[in-house]
Amino acid sequence: MTFTRLSARLSQSISSWPDRTHAHGRDHGERRRGASVIARNCILALAASLTAAGVLAQQFPTRPIKILVGYGPGGGTDLLARLYAAKLQEVLPQPVIIENKPGASELLAAQPVMNAAPDGYTLWLGTGGALAQNPGIRRDLPYDLLKNFTPVAVLAEAEAVFVVRPNVPVNTLQELVAYGKANPGKLNYGSGGIGSGNHLQMEYLISVTGTSFTHIPYKSESEITRDIMSGNVDLSMITAQFAVPLVNEGKVKAIAMTGTQRLKALPDVASVSESGVAELKSMGSYTFFGLMGPAGMPPSVVQQLNEAVNKVSAMPDIDKRMREMMMMRPKISTPAEFKGTLERELGKWRELSKTVKIGTT
């Protein structure tokens with residue numbers, strides 16, 4: 001039954017309600033009539049809201065859609081957002097505008113969407129850090145991911161590569177884990193800072209495998225790789241887009257990559273799932289990129305946006321460009337599957353938060 005038919009049926013049934021006064025007295029009858037009026041008003045309001053939601057869903061979209069990104073122009077997340085925006089406005093068809101709000105671990109992009117009208121016109125393209133890691137590890141965030149937002153669609157997944165300086169005596173992830181257990185604290189690893197993606201992923205590796213490495217926080221991947229090449233840092237996990245040219249030039253040694261599939265750009269580097277380290281089979285991709293809306297979005301609008309995103313993800317030119325230029329894989333999923341991914345990831349990072357303290361957790 002459509003929203004319009006349901007609201008019409010509610011209105012018709014309400015209009016036929018009798019206004020009964022019983023023999024128990026005038027006061028009782030007035031109370032009955034008052035309660036009846038309140039009930040009818042509530043249901044009329046519900047019928048009106050259902051009708052409005054139905055009209056919205058049937059007409060969506062009728063105006064430009066805005067996607068907020070928690071990073072500045074030119075970065076990987078921004079490039080991905082603009083790549084999809086150009087195609088989405090052909091599929092929907094309505095203009096899709098990208099608005100950059102960098103800072104505060106994507107919070108500056110998330111909050112306006114959380115507080116926006118749940119009509120599908122204001123969305124947030126979040127990364128795995130803001131969608132799973134931070135909500136799982138931290139306790140000071142001003143939002144509850146699954147209560148304050150609606151999962152719409154996953155756009156893509158991206159991988160990272162475990163790299164070591166060339167003279168570290170390991171060539172596989174299995175050998176690295178064995179070396180870390182036999183020589184606790186001897187090797188150090190660089191990360192993009194406390195709470196960054198590669199920091200948390202390395203701490204996850206340490207936690208589940210029982211290894212021991214010393215953490216050295218940096219501010220960027222370029223600083224990490226500079227010190228790996230100079231011999232000041234032993235290992236790190238850096239994004240594939242950044243790692244591939246360095247590996248191909250022999251400046252760092254790749255021993256594994258996250259995820260379940262090998263990169264075409266590094267065909268000889270095994271994925272974590274085939275590395276022989278059983279504890280890391282659930283590690284998954286390094287990060288993912290998901291489209292979120294405010295809580296309370298009409299299911300039909302969510303479905304329409306999801307189908308539009310999936311159409312873009314299935315385009316051969318999008319797949320080729322993402323894999324070759326951005327080292328990402330397009331992803332197709334339903335809203336329910338996306339929600340399930342978020343629940344699993346949140347559970348994983350909440351478990352890690354019991355042993356790894358990041359900032360104000």
Side-chain angles (χ1 to χ4, degrees), residues 57 67-70 77 80-81 84 88 105-106 109-110 113-114 118 120 122-139 141 143-160 197 200-201 203-205 207-208 257-261 271-274 278-314 318-319 322 328-354 356:
I67 299 177
L68 277 65
V69 175
T77 308
L80 178 68
Y84 269 74
L88 282 172
S105 300
E106 302 182 56
V113 176
M114 179 177 68
T122 306
L123 305 169
W124 165 39
L125 179 60
T127 70
L131 295 174
Q133 291 176 340
N134 281 339
I137 293 287
R138 297 173 58 180
R139 298 293 179 268
L141 293 177
Y143 63 82
D144 182 308
L145 189 81
L146 295 178
K147 289 183 179 179
N148 299 133
F149 294 95
T150 299
V152 175
V154 179
L155 277 66
E157 294 177 335
E159 305 303 347
L200 295 179
Q201 292 281 17
E203 289 298 326
Y204 176 77
L205 180 150
S207 176
V208 300
M257 55 171 291
T258 58
T260 60
Q261 302 176 32
S271 67
V272 165
S273 64
E274 58 184 342
E279 300 95 329
L280 294 175
K281 285 187 176 180
S282 61
M283 186 173 227
S285 295
Y286 177 65
T287 193
F288 59 94
F289 304 84
L291 201 61
M292 306 289 285
M297 288 176 60
S300 56
V301 171
V302 175
Q303 187 62 33
Q304 190 171 344
L305 286 168
N306 177 269
E307 290 174 357
V309 169
N310 287 342
K311 284 181 181 179
V312 175
S313 295
I318 292 293
D319 180 88
M322 287 175 64
M328 299 180 186
R329 290 192 307 272
K331 179 80 173 178
I332 294 176
S333 68
T334 66
E337 289 170 340
F338 184 17
K339 183 180 180 182
T341 297
L342 293 175
E343 290 171 340
R344 288 192 300 274
E345 287 293 307
L346 285 168
K348 180 174 79 174
W349 296 113
R350 284 169 181 159
E351 186 65 25
L352 183 66
S353 72
K354 297 176 182 178
V356 178

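Numbers here simply count residues along the sequence, with the first being 1.
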For the residue pair Leu146 and Glu343, establish whether any side-chain heavy-atom pair is separated by less than 4.5 Å. yes

If we only count heavy atoms from C-beta on, is the Gln261 to Glu159 side-chain gap below 4.5 Å? no

CD1 of Ile318 to CG of Leu155: how many Å apart, nearest 0.5 Å? 10.0 Å

Looking only at heavy atoms, what is the nearest atom pair of Trp124 and Glu106, with distance? NE1-OE1, 3.7 Å

Might you work through the side-chain contact (heavy atoms from CB on, under 4.5 Å) test for Leu125 and Phe289, ending with a clear yes or no? CA-CA 7 Å; Leu125 179 60; Phe289 304 84; 4.2 Å; yes

Compare all side-chain heavy atoms of Tyr204 with those of Leu280 and state whether any distance is below 4.5 angstrom. yes

Side-chain contact test, heavy atoms from C-beta onward, threshold under 4.5 Å: evaluate it for Met292 versus Pro151 and give yes or no. yes

From Asn306 CG over to Glu337 CD, what is the distance, rounded to the nearest 0.5 angstrom? 8.5 Å

Could you measure the distance from the CG atom of Leu346 to the CG atom of Asn134? Nearest 0.5 Å is fine. 10.5 Å

Atom pair CG (Leu88) and CG (Leu291), whose distance is rounded to the nearest 0.5 Å: 8.0 Å

Of all heavy-atom pairs linking Pro135 and Gly129, the shortest is CD-O, 3.8 Å

Determine whether Val154 and Thr341 satisfy the following criterion, side-chain contact (heavy atoms from CB on, under 4.5 Å), listing intermediate values before the conclusion. CA-CA 10 Å; Val154 179; Thr341 297; 5.6 Å; no

Pair Phe288, Leu342 - check side-chain contact (heavy atoms from CB on, under 4.5 Å), show working. CA-CA 10 Å; Phe288 59 94; Leu342 293 175; 3.9 Å; yes

How long is the gap from CE on Met328 to OG on Ser285, to the nearest 0.5 Å? 11.5 Å

Tell me the closest heavy-atom pair linking Val69 and Ala81, and the distance in Å. CG2-CB, 3.6 Å

If you compare all heavy atoms of Tyr286 against all heavy atoms of Gly197, which two are closest, and at what distance to 0.1 Å? OH-C, 3.5 Å

For a 4.5 angstrom cut-off between non-hydrogen side-chain atoms, does Pro335 reach Gln303? yes

Any Tyr84 side-chain heavy atom under 4.5 Å of Ser313 side chain: yes

With side chains defined as the heavy atoms from C-beta onward, is the minimum distance between Leu80 and Met322 less than 4.5 Å? yes

Has Thr287 got a side-chain atom pairing as donor or acceptor with Gly128's backbone, closer than 3.5 angstrom? yes

Using distance alone, with no hydrogens and no angle criterion, decide if Arg350 and Ser353 have a side-chain donor and acceptor under 3.5 Å apart. no

To check you understand the geometry: which heavy-atom pair defines the closest contact between Tyr143 and Ala110, and what is its length? CE2-CB, 4.4 Å

Identify whether the distance between the nearest side-chain nitrogen and carboxylate oxygen of Glu351 and Lys348 falls below 4.0 Å. no

